[in-house]
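Computed over heavy atoms, backbone and side chain alike; hydrogens, waters and symmetry mates excluded. Note that this is a predicted model, so its numbers are computed, not measured.
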Amino acid sequence: MKKVVLIGYMGSGKSVVSKKLAQQIGFSVVELDEMIEEKCEMSIETLFSTKGELFFRKQEHQLFLELLSEEKNIVISTGGGTPCYFNNHELLNGENVVSIYLKASIDTLYNRLLKGKQKRPLIANLDDNEFKEFIAKHLFDRSFYYNQATFKVNVDDKNIDEIVAEIASLLT
C-alpha cells in the first residue's frame with residue numbers, strides 16, 4: 001500500500017492540495033492535525049496551551065507511525081512541524097512512502113498566513129515584522145527536515161490544479 005506524505009510550512013497548501021490530490025489519484029486523505037484533535041478531543045490551540053508542544057508532538061509522532069503502517073493507500077497532510085520532531089523525517093522515504101515538500105517563499109507564506117493568523121498558536125501573537133522574521137527563521141531551521149522529502153514542488157504563483165498535476169506526474 002502506498003502513502004503520499006505532504007510536508008511543508010504552515011500555509012504552503014498541504015490541506016487543500018492533499019484533498020484534491022487524493023480525489024484525483026483515488027486515495028483516501030488524512031489530515032494529521034484533525035486526527036490529533038479527534039484523539040485528544042480538543043483543538044490544536046487548546047492542546048498547545050493546556051498540554052504543551054511536547055505532548056502535541058508525541059501524539060503527532062504516534063499517529064504518523066500508525067498512518068504509515070495502515071493497509072491502504074493514503075495521502076497524508078502533515079502539520080508544518082511534523083518532519084522536525086522524533087525523527088519523523090526518517091520516515092519520509094520508507095517502503096511504499098513518497099513524500100512531497102510543498103515549497104513556498106517567505107512572501108507567499110506571509111501573505112497566505114496573514115488572514116488566519118489568530119487561528120495558529122505559534123504565530124497568533126506576533127506583529128507583522130516579527131511574523132515575517134518568524135517565518136524566515138522557521139524555514140531556515142526546518143529546511144534540513146523539509147529537504148528530506150522524495151520530491152520538492154515549488155508552489156509560488158501556482159494554483160491548486162497546477163500543483164496537483166505536478167505531484168500526480170511525479171507519482172507515475
Side-chain angles (χ1 to χ4, degrees), residues 1-104 109 112-113 116-124 135 138-139 141-153 155 160 163-164 167-168 170-171:
M1 298 294 130
K2 194 167 208 158
K3 310 295 179 273
V4 178
V5 180
L6 299 184
I7 65 169
Y9 199 70
M10 60 181 146
S12 62
K14 298 179 302 288
S15 295
V16 68
V17 169
S18 66
K19 289 176 181 80
K20 187 124 188 182
L21 177 65
Q23 182 181 23
Q24 185 170 321
I25 64 174
F27 281 23
S28 300
V29 65
V30 175
E31 188 84 34
L32 189 54
D33 281 354
E34 287 177 9
M35 255 184 98
I36 296 166
E37 288 178 334
E38 285 174 25
K39 180 183 178 197
C40 297
E41 298 179 345
M42 61 180 80
S43 71
I44 300 297
E45 291 171 74
T46 306
L47 267 172
F48 264 75
S49 63
T50 60
K51 305 261 188 184
E53 186 176 5
L54 184 59
F55 176 84
F56 170 80
R57 296 298 177 193
K58 286 180 179 176
Q59 299 302 308
E60 178 181 59
H61 176 67
Q62 188 57 47
L63 290 173
F64 189 46
L65 286 172
E66 288 175 24
L67 285 171
L68 292 176
S69 66
E70 283 194 14
E71 290 293 320
K72 60 182 178 179
N73 294 326
I74 308 173
V75 174
I76 303 168
S77 174
T78 64
T82 303
C84 310
Y85 296 90
F86 292 98
N87 292 324
N88 288 335
H89 68 286
E90 294 176 357
L91 305 171
L92 297 176
N93 296 297
E95 190 174 336
N96 296 316
V97 176
V98 175
S99 52
I100 313 289
Y101 169 26
L102 300 182
K103 187 174 184 173
L109 295 169
R112 288 181 181 181
L113 291 168
K117 193 169 104 168
Q118 299 322 113
K119 296 178 186 162
R120 298 183 182 263
L122 293 175
I123 60 173
I135 293 169
H138 256 174
L139 278 180
D141 291 345
R142 293 177 172 186
S143 64
F144 168 80
Y145 302 101
Y146 290 162
N147 284 305
Q148 301 302 309
T150 315
F151 299 108
K152 290 145 203 71
V153 173
V155 299
I160 296 164
I163 296 165
V164 169
I167 294 170
L170 292 170
L171 297 175

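Checked against side chain to side chain donor-acceptor pair (under 3.5 Å), Thr46 has the following partners two or more places apart in sequence or in another chain: Ser43. With sequence neighbours excluded, the residues that form a side-chain contact (heavy atoms from CB on, under 4.5 Å) with Val97 are Lys3, Val5, Leu68. Residues passing the side chain to side chain donor-acceptor pair (under 3.5 Å) test with Lys103, sequence neighbours excluded: none. Tyr101 is linked by a side chain to side chain donor-acceptor pair (under 3.5 Å) to nothing, counting only residues two or more places apart in sequence or in another chain. For Asn87, the side-chain contact (heavy atoms from CB on, under 4.5 Å) criterion is met by His89, Glu90, not counting sequence neighbours. Contacts of Phe64 classified as ring-ring contact (aromatic ring centres under 6.0 Å, His included), with partners at least two apart in sequence or in another chain: none. The side chain to side chain donor-acceptor pair (under 3.5 Å) test applied to Ser12 returns no partner, not counting sequence neighbours. Every ring-ring contact (aromatic ring centres under 6.0 Å, His included) that Phe48 has, sequence neighbours left out, goes to Phe56.
Here the side chains of Thr82 and Ile7 are not in contact, with every heavy-atom distance at 4.5 Å or above. Side-chain contact between Leu170 and Thr150: absent, with no pair of heavy atoms (C-beta onward) separated by less than 4.5 Å. Residues Met35 and Leu67 form a side-chain contact, since some pair of their non-hydrogen atoms from C-beta on lies under 4.5 Å apart. Contact check for Leu21 versus Ile100: no side-chain heavy atoms found under the 4.5 Å cut-off. Put simply, the side chain of Pro83 does not reach to within 4.5 Å of the side chain of Gln148, judged on heavy atoms.
Remark: Glu34 CD to Ile44 CD1 distance equals 9.5 Å, nearest 0.5 Å. With rounding to the nearest 0.5 Å, the separation of NE2 in His138 from CD1 in Ile123 is 10.0 Å. Distance check, rounded to the nearest 0.5 Å: NZ of Lys58 to CG of Leu63 gives 14.0 Å. Considering CG of Asn96 and CG of Asn73, their distance stands at 9.0 Å, rounded to 0.5 Å. Considering SG of Cys84 and CZ of Phe144, their distance stands at 10.0 Å, rounded to 0.5 Å.
Nearest heavy-atom pair, Ala104 versus Val155, reported as atom, atom and distance to 0.1 Å: CB-CG2, 3.5 Å. Across every non-hydrogen atom of Asn93 and Ala149, the tightest pair is OD1-C, 4.1 Å. Scanning both residues, Lys152 and Asn147, for their nearest heavy atoms gives CE-OD1, 3.1 Å.
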Please tabulate, one pair per line, all N/O donor-acceptor pairs under 3.5 Å involving side-chain atoms of residues 23-33, not counting sequence neighbours.
unit_1, atom_1, unit_2, atom_2, d
Glu31, OE1, Ser15, OG, 3.2
Glu31, OE2, Ser15, OG, 2.5
Glu31, OE2, Ser77, OG, 3.3

Problem set entry | Chi angles and distances behind the side chain to side chain contact (heavy atoms under 4.5 Å, CB included) call for Gln59, Leu47 | CA-CA 10 Å; Gln59 299 302 308; Leu47 267 172; 5.7 Å; no
For this session: Show the numbers, then the answer: is there a side chain to side chain contact (heavy atoms under 4.5 Å, CB included) between Ile167 and Leu102?
Result: CA-CA 10 Å; Ile167 294 170; Leu102 300 182; 3.9 Å; yes
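The salt bridge (charged side-chain N to carboxylate O under 4.0 Å, His left out) analysis of residues 41-53, with sequence neighbours excluded, yields the pairs Glu53-Arg57. Note on residues 61-70: pairs passing side chain to side chain donor-acceptor pair (under 3.5 Å), not counting sequence neighbours, are His61-Asn88.
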